[in-house]
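Every value quoted in this text rests on a predicted model; they were computed, and no experiment measured them. The figures here come from the full heavy-atom set of this structure, side chains too, leaving out hydrogens, waters and symmetry mates. Proteins come first, then strands; the chains are lettered A, B, ... in the order of their sequence lines, and each starts at number 1.
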Amino acid sequence: MTNCQECERIAGYSHGLRETLMTGAETKDEGDRAARDRDVQELDQVVIRFAGDSGDGMQLTGDQFTRTTALMGNDIATFPDFPAEIRAPAGTIPGVSAFQLRFSSFDIHTPGDAPDVLVAMNPAALKVHLPLLKKDGILLLNTASFKAINLKKAKYEVDPRTDDTLDGYRVIEVDLTERTKEALANCPLDSRGKDRCKNMYALGILYWLFHRETEPTEKAIAHKFAKKPDVVEANLIAMKAGHAYAETTEIFQTAYKVAPARLPPGTYRNIMGNQALCLGLVAASKRCEVPLFLGSYPITPASDILHQLSGYKHHGVITFQAEDEIAAVCAAIGASYAGQLGITSTSGPGVALKTEAMGLAIMAELPLIVLNVQRAGPSTGMPTKTQQADLLQAMYGRNGESPMVVIACSTPADAFEVGYEAIRIATKHMVPVMVLSDGYIANGSEPWRLPAVDELPPIDVRYAPEGEAGVKFEPYKRDPETLARPWAKPGTPGLVHRIGGLEKQDGTGNISYDPANHQHMVDTRAQKVANVANDLPPLEPVGARTGDVLVLGWGSPRGAITAAVTRMQQQGHRVSAAFLRHLNPLPNDLEALMRGFKRVVLPELNKGQLALMLRSTYLIDVQSYSQVNGQPFRSQDIQDFLEKVLEELRG
Amino acid sequence: MTDVDGRKITKRDFKSDQDVRWCPGCGDYSILNSVQAAFADLGKKLHETVIISGIGCSSRFPYYMETYGFHTIHGRAPALATGVKLSNPDLDVWVVTGDGDAMSIGGNHFIHTMRRNVGLKVLMFNNRIYGLTKGQYSPTSPHGKVTKSTPMGSVDHPFSPIALALGAGGTFVARSVDILAPHLQATIKRADGHGGTAVVEVYQNCNIFNDGAYKHFTDKVVRSERMVELRQGEPLLFGKDHTKGIAFDENFQPYLVEGDDLGKAYVWDEAAASPAPAMALATMDESRFPVPIGVFRRQDKANYEQAVNLQVEHAKSTTQQSLEELLYAGEIWEVS
């Protein structure tokens with residue numbers, strides 16, 4: 001096993017080394033009833049991966065387990081891993097959809113490197129995900145799908161259950177299809193409808209195995225299929241049948257418990273990144289009393305932002321599903337010009353199309369929020385896989401000298417604060433802001449400690465007041481502190497003026513080709529962005545402010561970096577981590593922090609884009625640790641890399 | 001402060017302090033003049049009027065108007081204007097564009113504006129050439145046109161902006177000509193009165209790169225024979241003393257009538273349920289038939305910004321939710 005603290009805890013579980021508790025003393029509530037006659041073992045954490053066909057309902061199953069577990073007070077992190085195809089051919093490898101979740105009794109930062117439990121609904125799911133499963137891990141197989149044709153589709157020459165493929169795993173074989181059919185013998189659904197309930201049968205088995213309450217799922221299913229009572233009934237019967245099956249048969253010798261996590265006191269809800277981002281934007285909009293306007297065009301993995309905000313009309317949110325990406329951003333600019341908070345949401349290919357319009361917003365000096373939920377590129381790339389390779393596009397992907405504020409969220413819950421911050425910056429400084437998220441944050445989830453509404457920082461938006469008689473309005477007359485120009489809403493008497501993409505004379509806004517003015521305006525637009533750094537809070541590193549190695553991170557690798565660095569600190573290494581929310585401008589105290597360490601390491605899911613920026617900005621030899629395979633970092637890989645760096649330092 | 005108190009607004013009030021920089025003799029001057037005159041007649045308020053343009057000679061228009069103005073990027077003016085109109089439906093939003101801007105790079109936004117019926121007034125200056133880039137053929141240049149980029153003649157087929165607007169569901173589609181100031185002003189005023197998207201194609205002469213493109217039917221000498229004005233409820237007649245007319249056969253093909261057949265001339269109805277007559281006129285062969293000007297089609301239809309804002313207002317009146325209730329929603333739990 002590894003030397004990592006978290007993994008040791010799992011090792012304890014996997015090898016059954018931990019003290020085994022008898023259940024007699026535990027049967028104090030319904031949740032424990034299930035395990036009356038079996039051993040119950042207490043664990044610190046478990047990683048489960050559900051895998052099956054796209055049509056097998058694995059995302060729903062994972063989502064139900066997540067909700068239940070969050071409500072039971074565990075810390076939790078999730079990682080949906082699904083194909084772009086809505087329904088790839090059944091039973092094939094491209095059609096495999098998976099959902100990994102990790103829950104624990106302590107504070108965790110990632111959905112786990114490797115699962116302890118794999119539910120494989122068919123041979124293709126087994127083929128794709130077995131290599132990830134820990135040795136001695138639990139493997140639940142649906143035997144009904146291990147037919148010759150499915151084995152062939154999964155490219156198994158022989159049934160993996162008959163050779164040594166599954167050696168070293170604790171294999172549980174259940175004919176989920178047949179068991180579900182039997183349980184639903186009296187239900188009015190047709191045989192296809194019944195077959196669709198087999199994921200709930202599997203969920204029931206896992207609920208028993210991990211002492212989960214079934215009530216939250218009963219409620220959720222009743223709500224989700226409210227108009228289809230037969231479907232609700234069948235799903236719940238299947239779940240209960242699975243639960244009863246695990247309880248009464250002796251497929252498991254032991255059931256497991258994971259105590260609630262010791263999270264900081266507060267009120268929590270489980271949240272996905274796209275959801276949190278939307279809530280941050282709406283919260284800021286309510287706080288500054290300026291309505292939100294979203295112009296968007298559907299694109300994976302950003303579409304959920306459009307869906308969610310379209311449901312917030314009662315908060316005054318206007319959503320506009322445009323004819324294309326360009327119309328989406330242009331409408332958002334139009335909304336900002338008219339005095340609303342213009343936002344556009346997209347992913348990398350969409351940002352490419354919006355490039356020219358972002359330049360217009362920079363030139364017109366209007367607030368605009370561009371949300372880029374990054375995915376694996378280039379071109380169409382791998383739409384459902386994560387990557388952070390759009391940083392340089394965000395920084396430099398426009399014609400001319402066109403600096404733009406760039407900020408990034410690092411976890412699902414962090415996306416709330418980042419959405420809020422984007423609006424604060426855009427309105428205070430009258431600049432467009434690019435927000436970088438990614439597929440891993442967007443669709444991943446974690447418990448979110450809800451902020452007290454009255455403690456949200458105020459955002460003070462002031463439009464230009466009505467003009468005075470005889471005074472010509474100057475649309476580019478600047479605030480001396482921020483250099484922001486006034487936000488002059490059409491409809492306001494006395495402020496008529498013209499703006500546009502042509503270079504403007506500072507102050508009057510008249511078209512100007514004057515060389516000195518152009519130099520001045522280029523410098524001013526750059527200074528406006530630089531000024532954003534003036535009110536950033538100091539960086540708060542994880543660990544000491546000086547030492548051997550500083551691990552810098554931005555975006556979604558935060559969790560994996562924190563896990564790796566925390567373990568190494570516990571082993572006595574002088575390693576710290578710091579995370580950048582603000583990428584342009586960079587925080588004023590970053591350079592000093594970097595210079596306090598012998599080495600600076602920067603793990604990124606790209607070919608070293610922030611590393612390139614930092615090296616050129618500070619002339620510091622930042623060491624890039626790059627991974628671009630569409631998957632999030634495994635914390636162990638980061639730790640292995642850091643150990644090598646430390647060895648070099650010693651050598 | 002330039003708004004007019006206690007005095008009737010005049011054409012001069014709409015002139016900005018910027019020097020107009022179109023080529024001397026450009027048709028854009030007369031259009032600017034007609035717009036300023038029509039706006040004054042309509043008693044528009046400077047601060048409630050917004051003019052949004054794309055890129056091209058026509059798109060310099062906002063700089064010369066003493067109203068709110070936004071000179072945007074190539075082809076995107078309707079999209080940006082849609083955002084403005086959705087955010088503040090009370091504003092009077094005009095889009096000024098050209099045949100390259102609206103028909104080529106911005107074709108998508110043009111048709112979707114029609115489809116949604118956003119309450120925008122679109123003035124599309126059609127000079128059948130790219131002027132600002134110095135003389136390449138445009139999507140409305142005739143087949144065979146020799147330009148800088150088509151030295152052997154264009155092999156592209158042009159399309160009719162009117163037919164395109166009709167096909168996209170346009171609810172107010174009209175055509176006028178730069179030099180016909182009274183007709184142009186009347187058409188602008190009718191567009192102003194329309195609730196949804198109003199498109200006015202304005203034939204505009206580019207005296208530098210495509211001089212005389214419309215001369216064969218707009219010239220005073222031939223005008224009465226070569227143009228037909230669409231008048232609501234009146235037959236399609238043209239020629240000196242209105243002695244010729246346009247009729248449709250059973251296949252809705254237009255043909256010319258005169259003499260005893262003049263009574264067969266089609267009685268124009270811009271509000272007809274079917275767009276077929278308008279489409280037939282919009283696609284008539286310019287060499288064989290007179291060129292129609294006037295309102296091709298006018299339909300009353302719910303407009304987009306009102307429908308969008310109605311949903312928002314309805315949601316606000318039926319669901320009150322504080323920010324706290326929004327955040328503390330769904331399944332929440334306490335950790336103490």
Against chain B, label [X] side chain, backbone, both or neither, depending on which of its atoms sit under 4.5 Å from a heavy atom there.
| X | value |
| --- | --- |
| A/Leu366 | side chain |
| A/Phe473 | neither |
| A/Val317 | backbone |
| A/Ile499 | both |
| A/Ala70 | both |
| A/Ala357 | both |
| A/Glu323 | both |
| A/Ala332 | neither |
| A/Tyr268 | both |

Option that, when pairs with chain B are counted at under 4.5 Å, heavy atom only, ranks first among [options]:
| options | result |
| --- | --- |
| A/Gly501, A/Gly342, A/Pro447, A/Ala335 | A/Ala335 |
| A/Lys219, A/Lys286, A/His314 | A/His314 |
| A/Pro451, A/Pro216, A/Ala452 | A/Pro451 |
| A/Pro260, A/Ala276, A/Ala327, A/Ser336 | A/Ala327 |
| A/Gly339, A/Ala488, A/Gly316, A/Cys330 | A/Cys330 |
| A/Gly500, A/Ala328, A/Gly334 | A/Gly334 |

**Message:** Quick check against the 3.5 Å criterion: does A/Arg498 have a side-chain atom that pairs as donor or acceptor with the backbone of B/Ile51?
**Reply:** no
**Message:** Between B/Tyr68 and A/Lys489 (side chain of the first, backbone of the second, donor and acceptor by atom type, cut-off under 3.5 Å), is there such a pair?
**Reply:** yes
[atom2] on [Y] to [atom1] on [X], rounded to 0.5 Å:
| X | Y | atom1 | atom2 | value |
| --- | --- | --- | --- | --- |
| A/Lys313 | B/Gln311 | NZ | CD | 5.0 Å |
| B/Arg116 | A/Gln321 | CZ | CD | 8.5 Å |
| B/Phe70 | A/Ile333 | CZ | CD1 | 6.5 Å |
| B/Arg76 | A/Asp324 | CZ | CG | 6.5 Å |
| B/Ile332 | A/Asn270 | CD1 | CG | 13.0 Å |
| B/Leu327 | A/Thr267 | CG | OG1 | 11.5 Å |

Go through the atoms of [X] and report whether side chain, backbone, both or neither lie under 4.5 Å from a heavy atom of chain A.
| X | result |
| --- | --- |
| B/Ala329 | both |
| B/Asp92 | neither |
| B/Glu334 | both |
| B/Arg60 | side chain |
| B/Ser336 | backbone |
| B/Val312 | both |
| B/Ser322 | backbone |

**Asked** More than 12 non-hydrogen atoms from neighbouring residues, nucleotides or ligands closer than 6.0 Å to CD on B/Glu331, yes or no?
**Response** yes
**Message:** Using side-chain contact (heavy atoms from CB on, under 4.5 Å), reason through B/His47 and A/Leu495 one step at a time and then give a plain yes or no.
**Reply:** CA-CA 7 Å; B/His47 70 272; A/Leu495 301 185; over 6 Å; no
**Message:** Among B/Leu323, B/Thr319, B/Leu326, which residue satisfies the side chain to side chain contact (heavy atoms under 4.5 Å, CB included) criterion with A/His315?
**Reply:** B/Leu326
**Message:** Using the rule given for side-chain contact (heavy atoms from CB on, under 4.5 Å), can you reason through A/Lys472 versus B/Asp17, listing the C-alpha separation, both sets of side-chain angles and the distance that settles it, and then say yes or no?
**Reply:** CA-CA 11 Å; A/Lys472 185 139 181 73; B/Asp17 62 357; 3.2 Å; yes
**Prompt:** B/Tyr304 vs A/Phe320 aromatic rings, parallel, tilted or perpendicular, using cut-offs 30° and 60°?
**Reply:** perpendicular
